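Right, one structure below, let's go through it.
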There are 2 protein chains.
Amino acid sequence: MSDREIPSAEVGASTTTMDALELTCRRFPEGQRRIFRAAIDAFAERGFHATSTRDIAARAGLSPAALYVHFPSKEAVLHQISVASLGLTRDVAKAASTGPGSPAERLFATVRDLTTWHAVHSASVRVVLHHLTDLTPEHRGDVTDIQREIYRMMRGLLVEGAEAGFDIADPGATTIAVLSLCVDTARWYTPDYRRAPERIGEDHAALALRMVGAHRG
Amino acid sequence: MSDREIPSAEVGASTTTMDALELTCRRFPEGQRRIFRAAIDAFAERGFHATSTRDIAARAGLSPAALYVHFPSKEAVLHQISVASLGLTRDVAKAASTGPGSPAERLFATVRDLTTWHAVHSASVRVVLHHLTDLTPEHRGDVTDIQREIYRMMRGLLVEGAEAGFDIADPGATTIAVLSLCVDTARWYTPDYRRAPERIGEDHAALALRMVGAHRG
DNA sequence: GTCTATACAGGGATAGAC
DNA sequence: GTCTATCCCTGTATAGAC
């Protein structure tokens, strides 16, 4: 098993709610970053609807009107956050699942890294997961497209493993179950939980290998 | 393995968003039922904050002011919904985990029934899970108390199983992982999904037995 | 216990100066 | 690109008649 790091994302490098933020907003011009950051924090603390555009602007140190220079609406801010966050999640899954090693090694690495990601970035992930229904149908489609990409990567890995000895009754069912283990971490994890995110990742990875009837190594 | 039904709840008996509703509102006087029902539907479709008290009242066929005859606030309605829904979830877990059979049989039954429950009632469960932070601290405490009860039941079952042959590295970690499998069903399940709720329950139960290193039977 | 009417606050978004 | 000021709508909750 390689001890490869999660690629380009420095998981665990920082400790605040703003982690995902710091990562996701890199692609944005400086002007939008402050608003982007402020919105993630505010949405994570109070939820999308309970957060006013005035809240976001105030956190960013701007006037209420400044938000509309950079984004056409509050929903557009949520959309950008969702696409950026899920895009990085997909990058984590892709790097681990297409890396070196046997299918069992890659499954271990993928579940470990995805779980760790969802713990470290639990606050921003919850924003995305809880507010899918607040996006316009088009914007929601962008998000579900990325979710389907992640599903297909995991399913491909399990099918490949099945040819190499995994014992899987229903590939689709097992794919969903393994991803549940990873994603649900964002629901229950809090920073004061006894196990560190990396440890939870390893525990989940070991359980996933059992679920597919594989052995690590 | 017994083919015992989920007790008193008729899981799978109906198909609409209002399932949980029909169950949870039985204990309420008739006057409150219509509002309770309307609120669950509205919260499930649009979310707590996006739903106005006017929406709820209109769905219930009442004037905007009528809601306040039965509930002191919109938050109180959410609180009642959450406590009722989680209370029934706990009843499902308790019946299955304290039933007859070996620890492996009871674990299978508990994961099966909890998963089926979360699929059938996914809409109302999502309301509870997504809006914990919208409750007052006291009301949120009521909800987390019940969640802890369910956690303790599952943990007790796993510890009992460990004395009877389960292979569990970290009981707390495995408890959370098994419950993730059950609860996360409410996040991804939709009524048009290919597997029926009962089938998902059996699939998850089989995977849970693998996670604890047990054999069914 | 239900209604109509309304008080009162707050939010999304825009206008127009600088 | 940021500000101040503001439009207009919606929301929670209450008052008081029936």
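No hydrogens, no waters, no symmetry mates; every other heavy atom, side chains included, goes into these values. Chain letters run A, B, ... following the sequence lines, proteins first and then strands; every chain starts at 1. For clarity, every value in this text was computed on a predicted model and none was experimentally measured.
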Could you tell me whether the side chain of B:His118 and the main chain of B:Thr185 form a donor-acceptor pair under 3.5 Å?
-> no
Donor-acceptor pair, A:Ser52 side chain versus A:Asp55 backbone, under 3.5 Å?
-> yes
Spacing between B:Phe71 atom CZ and C:dG1 atom C1', to the nearest angstrom = 14 Å
B:Arg54 has an atom CZ; how far is it from atom P of C:dT2, in whole Å?
-> 18 Å
Taken to the nearest whole Å, CD/B:Glu75 to P/D:dG11 is 19 Å
Can you check salt bridge (Lys or Arg N to Asp or Glu O under 4.0 Å) on A:Arg148 and A:Asp145, steps first, answer last?
-> CA-CA 5 Å; A:Arg148 269 194 279 269; A:Asp145 283 350; 3.7 Å; yes
Non-hydrogen atoms of A:Gly47 and A:His131 that approach each other most closely | CA-NE2, 3.8 Å
How long is the line joining NZ of A:Lys74 and P of C:dT14, in whole Å?
-> 15 Å
Would you kindly give the CZ-to-P distance between A:Arg46 and C:dG10, to the nearest whole Å?
-> 12 Å
What is the distance, rounded to the nearest whole Å, between atom NE2 of A:His49 and atom C1' of D:dC9?
-> 15 Å
Distance check: side-chain N/O of B:Ser52 vs OP1/OP2 of D:dT10, anything under 4.0 Å?
-> no
Pairs satisfying ring-ring contact (aromatic ring centres under 6.0 Å, His included), at least one member in residues 171-198 of chain B, at least two apart | B:Trp188-B:Tyr193
Which of residues 58-70 of chain B sit near DNA chain D, with a heavy atom under 4.0 Å from it?
-> B:Ala65, B:Tyr68
A:Asp55 CG to C:dG10 C1', straight-line distance once rounded to whole Å = 11 Å
Charged N to carboxylate O under 4.0 angstrom, A:Arg199 versus A:Asp203?
-> yes
Which whole-number value in Å describes the distance from A:Arg33 CZ to D:dG1 P?
-> 15 Å
